[in-house]
S.K.: 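Quick one: the structure is below, questions incoming.
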Amino acid sequence: MDLATTPGMPPPSGKESHFHEPYNSLQLGTVIAFGVTYLIATIFLALRYFQAFKLIKKIEIDLITITISYGIALVYFVTMVNLMNYGWGKHMWNVNLEDLMEFNKRLLVNTLTYLICPCITKMAILSVLYQINPAKMYRYLVVAVAVAIFAYTLTLCIIAGGPCNPLHAGTTVCLENVALSQAVLNIASDLAVIVIPIPTIHSLHFSTKQKVTVGCLLALGSGVIVCSIARLPYVLLLGKTADTTYTEAILGVWSLVEVNLGIICACAMRFKRLIAIYLPRLSLFSSRSRGTTKLTEDTPVDRFQPKNIGGQHSYQLHSIHGENADRFTGTKDISVHQSFKMDEEHTHVYRGDNDSADKILG
């Protein structure tokens with residue numbers, strides 16, 4: 001048998017095998033999908049670094065972690081492009097057995113990078129969520145979710161690199177089970193990451209609009225869940241089709257979008273300070289304003305704090321003359337005019353755990 005001329009599966013009726021066809025639409029679509037989402041992720045990460053150096057003036061652990069995930073996402077794409085040379089994105093009848101053997105040799109690195117990348121991204125998000133509420137039970141929950149994500153990722157990596165290694169014969173079903181387990185656990189962990197901060201956000205002393213805005217930033221991960229759910233039918237299809245190289249490529253498109261969207265979400269959830277300063281009209285976060293306020297008897301004093309108060313006081317003294325003078329003999333009418341300018345600083349009062357939430361998200 002000549003491996004170079006034997007297809008991975010017989011072509012369907014009316015089809016012929018073409019082993020050296022150029023990139024097809026699925027392969028080109030994979031490159032475009034990665035290029036667009038990775039470009040957006042790059043912009044968001046750059047803005048995150050700008051905020052870290054310019055506004056916060058420190059590099060935080062979530063930024064370091066998400067940078068690692070950003071690098072692994074690129075490696076994941078590179079391995080996918082490399083696999084395209086050996087059949088990734090092609091129908092099995094257009095891939096010869098020789099290329100399929102090389103395909104299996106290079107598949108492991110691609111699989112491991114995908115398993116690891118979402119895990120690191122979620123660790124970055126959880127490191128932020130851990131800090132927004134110092135309550136013990138809340139932090140125990142965050143740590144428990146982080147440990148669970150790390151544990152199942154490590155387990156799947158060991159299984160994929162060991163008993164399910166693509167280099168071993170008869171591991172196709174095993175790899176399909178790994179993919180299915182990862183898909184289900186990935187969806188569950190995405191939901192956990194989104195749900196965890198909801199009670200804290202609800203308890204913040206924010207206006208309704210501010211709560212909605214913060215909630216949207218923290219819940220951007222719902223887009224990741226959409227990608228995870230969209231992948232699931234193709235994961236299930238892997239066990240029912242012989243055209244695995246083509247089905248895996250469709251699965252890969254959703255995977256690329258998922259990992260890049262995760263990076264975008266992890267960066268965006270920390271953009272409160274950046275938006276409040278550079279896009280104030282779009283910001284619902286601003287809790288401070290400065291201006292000139294005229295005080296009246298109805299102005300509540302506790303809504304602002306006086307600062308640099310200065311003013312001019314003028315007094316006008318008048319003697320009373322005329323026909324009513326006898327009634328007010330020895331009395332002077334004193335009219336007092338007082339004017340001053342005051343800088344006001346509106347503050348929101350946060351109690352207990354809300355201090356941490358406002359600080360971290362700000």
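Side chains included, hydrogens not; waters and symmetry mates left out as well; all remaining heavy atoms used. These numbers come from a predicted model, not from an experiment.
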S.K.: If every non-hydrogen atom of Arg231 is compared with every non-hydrogen atom of Ser255, which pair is closest and at what distance?
M.R.: NE-OG, 2.8 Å
S.K.: Quick one: closest heavy-atom pair of Leu83 and Phe103, and the distance?
M.R.: CD2-O, 3.6 Å
S.K.: Testing the basics here: between Glu16 and Asn94, what is the closest heavy-atom pair and its distance to 0.1 Å?
M.R.: O-OD1, 3.5 Å
S.K.: Can Tyr49 and Thr67 be counted as having a side-chain donor-acceptor contact under 3.5 angstrom?
M.R.: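 Checked: Tyr49/Thr67 side chains pair up, N/O donor to acceptor below 3.5 Å.
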S.K.: Using modelled atom types only, decide if a donor and an acceptor are shared between the side chain of Thr121 and the backbone of Cys117 within a distance under 3.5 Å.
M.R.: yes
S.K.: For this output row, return yes or no: ring centroids of Tyr76 and Tyr38 closer than 6.0 angstrom.
M.R.: no
S.K.: Answer yes or no: are there more than 12 heavy-atom neighbours, outside Glu21 itself, under 6.0 Å from its atom CD?
M.R.: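 Yes, because the 6.0 Å sphere around CD of Glu21 holds more than 12 heavy atoms from other groups.
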S.K.: Which distance, rounded to the nearest 0.5 Å, do you find between the CG of Asp190 and the CG of Leu185?
M.R.: 11.0 Å
S.K.: Could you give me the CA-CA distance, side-chain angles and deciding distance for Tyr138 and Tyr130, then say whether ring pair (Phe, Tyr, Trp, His ring centres under 6.0 Å) is met?
M.R.: CA-CA 8 Å; Tyr138 172 86; Tyr130 180 85; 7.9 Å; no
S.K.: Would you say that more than 12 heavy atoms from the other residues, nucleotides or ligands in this model lie under 6.0 Å from the CZ of Phe50, or not?
M.R.: yes
S.K.: Going by distance alone, is a donor N or O of one side chain under 3.5 Å from an acceptor N or O of the other, for Gln131 and Asp62?
M.R.: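 Looking only at side-chain atoms, Asp62 and Gln131 do not form any donor-acceptor pair under 3.5 Å.
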S.K.: To check you understand the geometry: which heavy-atom pair defines the closest contact between Thr5 and Asn96, and what is its length?
M.R.: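 Scanning both residues, the minimum pair turns out to be N-CB, 4.5 Å.
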S.K.: Which atom pair, heavy atoms only, marks the closest approach of Ile64 to Ile59?
M.R.: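 Reported closest heavy-atom pair: CG1-CG2, 3.6 Å.
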S.K.: Side chain of Thr6, backbone of Leu3: donor and acceptor closer than 3.5 Å?
M.R.: no
S.K.: Given side chain to side chain contact (heavy atoms under 4.5 Å, CB included), test Leu251 with Leu238 step by step and report yes or no.
M.R.: CA-CA 9 Å; Leu251 189 62; Leu238 281 176; 3.9 Å; yes
S.K.: For Cys119, which residues count as a disulfide (SG to SG under 2.5 Å) partner, sequence neighbours excluded?
M.R.: none
